[in-house]
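Keep in mind that what you see is a predicted model, and the values were worked out from it rather than measured.
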Amino acid sequence: QVHLVESGGGLVQAGGSLRLSCAASGGTFSRYTMGWFRQTPGKEREFVSLIDWNSGSTYYSDSVRGRFTISRDSAKNTVSLHMNSLKPEDTAVYYCAVGRTTGITWAWYDYWGQGTQVTVSS
């Protein structure tokens with residue numbers, strides 16, 4: 001059974017940086033896509049970024065491109081999201097997810113972590 005655990009959330013001032021990590025276990029991740037999504041109350045889960053575990057190819061939403069960087073450490077089975085130049089509108093619960101299909105739709109992902117809160121103050 002695939003298990004994902006996020007860490008690294010917290011409170012930061014606008015313009016600051018945070019690094020989120022997702023530790024994955026219980027699967028052979030070379031055949032998966034790892035994604036980061038975020039959600040605020042009353043809104044649908046929003047795509048942030050993804051990385052193809054095998055090729056390392058990445059993709060970002062327009063709202064974070066140029067500010068966030070996704071990476072993976074195959075030896076440690078972890079995926080990180082480096083977030084720079086944070087804005088108050090980045091405030092959300094951030095989730096990592098694993099899926100067999102590469103895409104930006106949250107419903108395509110099979111396994112999810114419990115989420116970590118990121119709060120950006122103005």
Test log, rule side chain to side chain contact (heavy atoms under 4.5 Å, CB included), inputs E46 and S63: CA-CA 10 Å; E46 174 192 16; S63 61; 3.8 Å; yes
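- In terms of heavy-atom proximity, V98 sits nearest to Y32 at CG1-CD2, 2.8 Å.
- Remark: Q13 CD is loosely packed, at most 12 non-hydrogen atoms of other residues, nucleotides or ligands lying under 6.0 Å away.
- Here Q117 contributes atom CD and R38 contributes atom CZ; the two are 12.0 Å apart, rounded to the nearest 0.5 Å.
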Starting from the C-alpha separation in whole Å, work towards a yes-or-no answer on side chain to side chain contact (heavy atoms under 4.5 Å, CB included) for Q39 and Y94. CA-CA 7 Å; Q39 191 170 24; Y94 283 71; over 6 Å; no
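- No single ILVMFWY cluster, assembled from side-chain heavy atoms under 4.5 Å apart, contains both L4 and F47.
- No donor-acceptor distance shorter than 3.5 angstrom exists from the side chain of T28 to the backbone of S30, with no hydrogens or angles considered.
- Each of L81 and L50 belongs to its own hydrophobic cluster when Ile, Leu, Val, Met, Phe, Trp and Tyr are linked at side-chain heavy-atom distances under 4.5 angstrom.
- Here C96 contributes atom SG and E6 contributes atom CD; the two are 4.0 Å apart, rounded to the nearest 0.5 Å.
- Using a 4.5 Å cut-off on side-chain heavy atoms (C-beta onward), T40 and T91 make no contact.
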Trace of the side chain to side chain contact (heavy atoms under 4.5 Å, CB included) decision for V118 with V120: CA-CA 7 Å; V118 171; V120 184; 4.2 Å; yes
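- Aromatic rings of F37 and Y95 (six-membered ring for Trp) have centroids beyond the 6.0 Å cut-off, not under it.
- Figure legend: cation-pi geometry between R100 and W108 absent, as NZ or CZ is not positioned both under 6.0 Å from the six-membered ring centre and within 45° of its axis.
- S57 OG to I51 CD1: the interatomic distance, rounded to the nearest 0.5 Å, is 8.0 Å.
- Ring centers of W36 and F68: at least 6.0 Å apart, outside the cut-off.
- Across every non-hydrogen atom of T116 and G9, the tightest pair is OG1-N, 3.2 Å.
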Can you list the steps and then say if R65 with Y59 is a side chain to side chain contact (heavy atoms under 4.5 Å, CB included)? CA-CA 8 Å; R65 186 175 293 115; Y59 186 72; 3.8 Å; yes
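- Residues forming a side-chain hydrogen bond (donor to acceptor under 3.5 Å, both in side chains) with N54 (at least two apart in sequence, or on another chain): none.
- We find the CG-OG distance between L20 and S80 to be 8.5 Å, quoted to the nearest 0.5 Å.
- A distance of 9.5 Å separates CG in L18 from OG1 in T119, rounded to the nearest 0.5 Å.
- In this structure, OG on S49 lies 11.5 Å from CD1 on I104, to the nearest 0.5 angstrom.
- Annotation: side chain of M83 is not in contact with side chain of S17 (no heavy-atom distance under 4.5 Å).
- Considering only heavy atoms from C-beta on, Y60 stays 4.5 Å or farther from R67 through its side chain.
- Of all heavy-atom pairs between G99 and D110, the closest is CA-OD2, 3.7 Å.
- Annotation for W106: atom CH2 does not count as buried by contact number, only 12 or fewer foreign heavy atoms lying within 6.0 Å.
- A side-chain donor-acceptor contact under 3.5 Å links R72 to the backbone of W53.
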